[in-house]
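Beneath this line is the structure, given in structure tokens, with notes to follow.
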Amino acid sequence: TRELCAVEFGGPGSRLFRGFTRKFFTRTAGVCLKDVRPENIKKFDAENNHMVIEKNILDTRNKTYAEIVQAVGKVDLIISKMEGSWVFSARDGIVLDRIINNWYSILNENSLMFIQFNMQYMPDMQHMVEKWADAIKEKLPKIDIQVEKNVLRLHKREGAPEELPPATQLFKQS
């Protein structure tokens with residue numbers, strides 16, 4: 001049995017991972033711009049192998065994600081339930097594609113990613129994400145992907161590619 005690691009992108013993760021059975025995950029982390037936890041929560045989290053990594057998760061450079069993997073290892077569960085920031089980054093589909101590809105690249109084989117999108121200010125984003133997910137399903141059947149009600153669920157099954165191709169390759173005409 002492997003050691004499991006989970007990350008919340010866009011939040012400290014303290015409350016989120018406290019809801020799991022103690023020691024279900026070997027390590028957990030929250031990745032957000034600023035660690036604003038009170039000292040007593042920091043102490044409790046440290047005792048439970050939880051850390052907060054101060055990084056911009058919307059950064060499209062791979063360096064950010066290499067540092068996350070260095071701190072916690074490859075990840076078995078990614079959860080992101082951000083709202084406002086997605087609106088700005090998603091205006092450019094290339095940026096959104098790069099962010100999701102970066103997140104996917106740090107997943108272990110047979111691992112999950114749940115991403116909640118706030119479509120309120122950008123109704124065409126749902127269509128854009130669904131179109132991208134359909135292309136993944138068609139070209140990469142080892143990836144189980146579903147988009148419904150502003151949530152993307154992606155299961156990187158055994159045998160799935162280590163990295164996703166960029167959208168420009170997914171949508172190339174054959």
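One-based numbering along the sequence shown. Heavy-atom basis, side chains included; hydrogens, waters and symmetry copies ignored. Just so it is clear, the model here is predicted, and its values are computed rather than measured.
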Cluster link V52 to F17, ILVMFWY, side chain under 4.5 Å: no
- request: Would you kindly confirm whether F25 and F44 end up in one hydrophobic cluster when ILVMFWY residues are joined by side chain heavy atoms under 4.5 Å apart?
  value: no
- prompt: So which heavy atom on I53 is nearest to which on A29, and how close?
  reply: CD1-CB, 4.2 Å
query: Is there a path from I115 to I143 through hydrophobic residues (I, L, V, M, F, W, Y) whose side chains come within less than 4.5 Å of each other?
result: yes
message: I'd like to check K74 versus R2 (side-chain heavy atoms, cut-off strictly below 4.5 Å). Are they in contact?
response: no
- request: Please test I41 against R18 for side-chain contact (heavy atoms from CB on, under 4.5 Å), starting from the C-alpha separation and ending with a verdict.
  value: CA-CA 11 Å; I41 300 296; R18 212 172 292 142; 3.7 Å; yes
query: How many angstroms lie between atom CG of L152 and atom CD of E130, to the nearest 0.5 angstrom?
result: 10.5 Å
field: I145 versus A133, closest heavy-atom pair with distance
entry: CG2-O, 3.6 Å
- prompt: Does any N or O in the side chain of H155 come within less than 3.5 Å of the main-chain N or O of Q146, such that one atom is a donor and the other an acceptor?
  reply: no
- line: Value for CG (L164) from CG (L154), rounded to nearest 0.5 Å, stands at 6.5 Å
- prompt: Do you know which two heavy atoms are closest between Y104 and A160, and how far apart they sit?
  reply: OH-CB, 3.6 Å
- prompt: Heavy-atom count around K142 NZ within 6.0 Å, excluding the residue itself: above 12?
  reply: no
query: Counting distance only, does the side-chain N/O of E54 pair as donor-acceptor with the main-chain N or O of D35 below 3.5 Å?
result: yes
- request: Report yes or no: does K156 contribute a side-chain atom to a donor-acceptor pair with the main-chain N or O of E163 at less than 3.5 Å?
  value: no
query: Does Q70 CD have over 12 foreign heavy atoms under 6.0 Å away?
result: no
field: Minimal non-hydrogen separation, R27 against E3, with atom names
entry: NH1-OE1, 3.6 Å
query: With a 4.5 Å limit on heavy-atom distance, are the side chains of T28 and N49 in contact?
result: no
query: Is it the case that one hydrophobic cluster holds both F20 and F114, taking links as side-chain heavy atoms less than 4.5 Å apart, direct or via other members?
result: yes
message: When you compare the side chain of N56 with that of T64, does any pair of heavy atoms fall below 4.5 Å?
response: no
message: If hydrophobic clusters are built by linking Ile, Leu, Val, Met, Phe, Trp and Tyr wherever their side-chain heavy atoms come under 4.5 Å apart, do M113 and L4 end up in the same one?
response: no
task: Can you measure from CG (N108) to CG (L77) and round to the nearest 0.5 angstrom?
output: 11.5 Å
message: Any salt bridge linking K43 with E39? Criterion: basic side-chain nitrogen under 4.0 Å from a carboxylate oxygen.
response: no
query: What distance separates F9 CZ from N102 CG, expressed to the nearest 0.5 Å?
result: 9.0 Å
- prompt: Taking side chain as C-beta onward, heavy atoms only, is P165 less than 4.5 Å from L140?
  reply: yes
field: Rounded distance (nearest 0.5 Å) linking atom OG of S14 with atom CD of E8
entry: 8.5 Å
query: Would a distance-only check, ignoring hydrogens and angles, find a side-chain to backbone donor-acceptor pair under 3.5 Å from S80 to G10?
result: no
- prompt: More than 12 foreign heavy atoms under 6.0 Å from CZ of R153: is that the case here?
  reply: yes
- prompt: Are the side chain of Q116 and the backbone of N150 linked by a donor-acceptor contact shorter than 3.5 Å?
  reply: no
task: Measure the spacing between CH2 of W103 and CD1 of I68 and express it to the nearest 0.5 Å.
output: 9.5 Å
- request: Kindly say whether C5 contributes a backbone atom to a donor-acceptor pair with the side chain of D76 at under 3.5 angstrom?
  value: yes
